[in-house]
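Only heavy atoms go into these numbers, but all of them, side chains included; no hydrogens, no water, no symmetry mates. Keep in mind it's a predicted model, so treat the numbers as computed, not measured.
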Amino acid sequence: EYEGDRNSEGQRHGFGKARLPNGDTYEGEYECGLRNGYGTYRFKNGALYTGNYLKNEKHGKGVFFYPDGSKYAGDWVHDQKQGYGEYLYANGDTYTGEWANNKRHGQGTYVYKDTGSKYVGCWVNGIQDGPGELIHLNHRFKGRFLSGKPLGHGKFIFDIGCEQHGEYKRPVQEKEGEEEEEEQPLPLEPIWKASEITKLTPWSPQDEE
């Protein structure tokens, strides 16, 4: 069903309202039969998108409300979250920063609602990866991350005015017997090896290299 403007060829063109065969509805701008411009799309599962379209795809600025209560507000490119945006997760966590191909990618800040901790730094394909800082209520860790875990040299900075320098190392997996295991064991958490405690030191980007 469609009610709204059409062009001389009879295509949806201008402003209109449509109910799609699957029960979704769209109200907004059309160009030559395609959703183009600003509009609001309601999914029958309760999700809703309101924002810009280009040739039927979410493209430009828009806000997407998910059925679980989460929400993304930011940039879209060809139906993908891409550019800069803010995501509020169903559990109350938030991510604000760069996106590519629907994933957290680039520089961004993730705040954990339960603990008040936050990660500020690099992301690759949705995972903490690269230089970053994990900030807790009375101390923070500055270092590098790989696949969501801290790894390599870094330091803990305590609000009382001192730092603990050290390194996160990968533990060695113990091999038990010769038989091949079907399942890969879960990777063990990196282990922190402290090297020294100092007073607060000025940080410069060269430290990261």
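Tyr119 and Ile157 are members of different hydrophobic clusters when ILVMFWY side chains are connected at heavy-atom separations under 4.5 Å. No path of Ile, Leu, Val, Met, Phe, Trp and Tyr side chains, each step under 4.5 Å between heavy atoms, connects Tyr89 with Val120, placing them in separate hydrophobic clusters. No path of Ile, Leu, Val, Met, Phe, Trp and Tyr side chains, each step under 4.5 Å between heavy atoms, connects Trp192 with Ile197, placing them in separate hydrophobic clusters.
Heavy-atom minimum distance, Pro190 versus Lys149: CG-CB, 3.8 Å. Closest approach of Ser70 and Asp68 over heavy atoms only: OG-OD1, 2.5 Å.
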Going through the checks in order, is the side chain to side chain donor-acceptor pair (under 3.5 Å) test met by His165 and Glu196?
CA-CA 5 Å; His165 299 254; Glu196 60 170 343; 4.8 Å; no
In sequence, state the C-alpha distance, the side-chain angles, and the governing distance for Glu163 and Lys199, and then conclude on salt bridge (charged side-chain N to carboxylate O under 4.0 Å, His left out).
CA-CA 6 Å; Glu163 298 180 342; Lys199 60 183 193 297; over 6 Å; no
Arg12 and Asp5: CA distance, side-chain angles, deciding distance, side chain to side chain contact (heavy atoms under 4.5 Å, CB included) verdict:
CA-CA 6 Å; Arg12 299 172 187 188; Asp5 304 330; over 6 Å; no
Under the side chain to side chain donor-acceptor pair (under 3.5 Å) rule, what do Ser117 and His136 come out as? Steps first, then yes or no, please.
CA-CA 5 Å; Ser117 298; His136 303 290; 2.8 Å; yes
The test is side chain to side chain contact (heavy atoms under 4.5 Å, CB included); show your working for Lys81 and Trp76 and say whether it passes.
CA-CA 5 Å; Lys81 294 187 276 289; Trp76 298 81; 3.7 Å; yes
One pair to check against side chain to side chain contact (heavy atoms under 4.5 Å, CB included): Phe141 and Ile135. What are the steps and the verdict?
CA-CA 6 Å; Phe141 170 78; Ile135 302 165; over 6 Å; no
Take Tyr168 and Arg144 through the side chain to side chain contact (heavy atoms under 4.5 Å, CB included) test and state the conclusion after the steps.
CA-CA 9 Å; Tyr168 269 105; Arg144 296 188 83 85; over 6 Å; no
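Figure legend: cation-pi geometry between Arg35 and Tyr26, with NZ or CZ positioned under 6.0 Å from the six-membered ring centre and within 45° of its axis. Within the cation-pi definition used here (under 6.0 Å to the ring centroid, within 45° of the axis), Lys71 does not qualify as a partner of Phe65.
You'll find the side chain of Thr96 reaches within 4.5 Å of the side chain of Glu86, heavy atoms only. For the pair Val111 and Tyr95, the minimum side-chain heavy-atom distance is 4.5 Å or more. Residues Trp123 and Trp99 are not in side-chain contact: their nearest non-hydrogen atoms beyond the backbone lie 4.5 Å or more apart. In this structure, Phe15 and Glu27 have side chains that are in contact, with non-hydrogen atoms separated by less than 4.5 Å. At a threshold of 4.5 Å between non-hydrogen side-chain atoms, the residues Asn36 and Lys55 count as touching.
Every residue meeting the side-chain contact (heavy atoms from CB on, under 4.5 Å) condition with Asn7, not counting sequence neighbours, appears here in chain and number order: Glu9, Gln11, His13, Cys32. Listed by chain and residue number, Glu133 satisfy the salt bridge (Lys or Arg N to Asp or Glu O under 4.0 Å) test with Arg140 (two or more places apart in sequence, or in another chain). Among residues two or more places apart in sequence or in another chain, the side-chain contact (heavy atoms from CB on, under 4.5 Å) test is passed with Tyr38 by Glu29, Thr50, Asn52. A search for side-chain contact (heavy atoms from CB on, under 4.5 Å) contacts involving Phe158 returns His139, Phe156, Ile160, Cys162, Gln164, not counting sequence neighbours. Listed by chain and number, the residues in a salt bridge (Lys or Arg N to Asp or Glu O under 4.0 Å) with Lys58 are Asp79 (sequence neighbours excluded). Residues satisfying the side-chain contact (heavy atoms from CB on, under 4.5 Å) criterion with Leu88, sequence neighbours excluded, are Thr94. With sequence neighbours left out, Asp93 forms a salt bridge (Lys or Arg N to Asp or Glu O under 4.0 Å) with no residue at all. Scored by the salt bridge (Lys or Arg N to Asp or Glu O under 4.0 Å) test, Asp75 finds Lys61 as partners (sequence neighbours excluded). With sequence neighbours left out, Tyr41 forms a ring-ring contact (aromatic ring centres under 6.0 Å, His included) with Phe43. Residues passing the side-chain hydrogen bond (donor to acceptor under 3.5 Å, both in side chains) test with Asp114: none are found, sequence neighbours excluded.
Side-chain atoms of Glu98 come within 3.5 Å of backbone N or O of Gln107 as a donor-acceptor pair.
One distance of note links CZ of Arg42 with CG of Leu48; it measures 5.0 Å at 0.5 Å rounding. Interatomic distance, CG of Leu137 versus OG1 of Thr115, reported as 7.0 Å (0.5 Å rounding). A distance of 8.5 Å separates CG of Leu54 from CD of Glu31, quoted to the nearest 0.5 Å. From Glu167, atom CD reaches atom NZ of Lys155 across 15.5 Å, with rounding to the nearest 0.5 Å. The CG atom of Leu200 lies 7.5 Å from the OG1 atom of Thr198; values are rounded to the nearest 0.5 Å.
Below 30°, between 30° and 60°, or above 60°: for Tyr2 and Tyr30 the angle between ring planes is above 60°, a perpendicular geometry.
Partner of Tyr66 under the ring pair (Phe, Tyr, Trp, His ring centres under 6.0 Å) criterion, chosen from Tyr49, Tyr87, Tyr72: Tyr87.
Counting side-chain heavy-atom gaps under 4.5 Å among Ile, Leu, Val, Met, Phe, Trp and Tyr, Leu34 is found in no cluster with other residues.
Arg170 CZ: 12 or fewer foreign heavy atoms inside a 6.0 Å radius.
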All N/O donor-acceptor pairs, side-chain side in residues 124-132, below 3.5 Å, sequence neighbours left out:
unit_1: Gln128; atom_1: NE2; unit_2: Tyr112; atom_2: OH; d: 3.0
unit_1: Asp129; atom_1: OD2; unit_2: Ser147; atom_2: N; d: 3.4

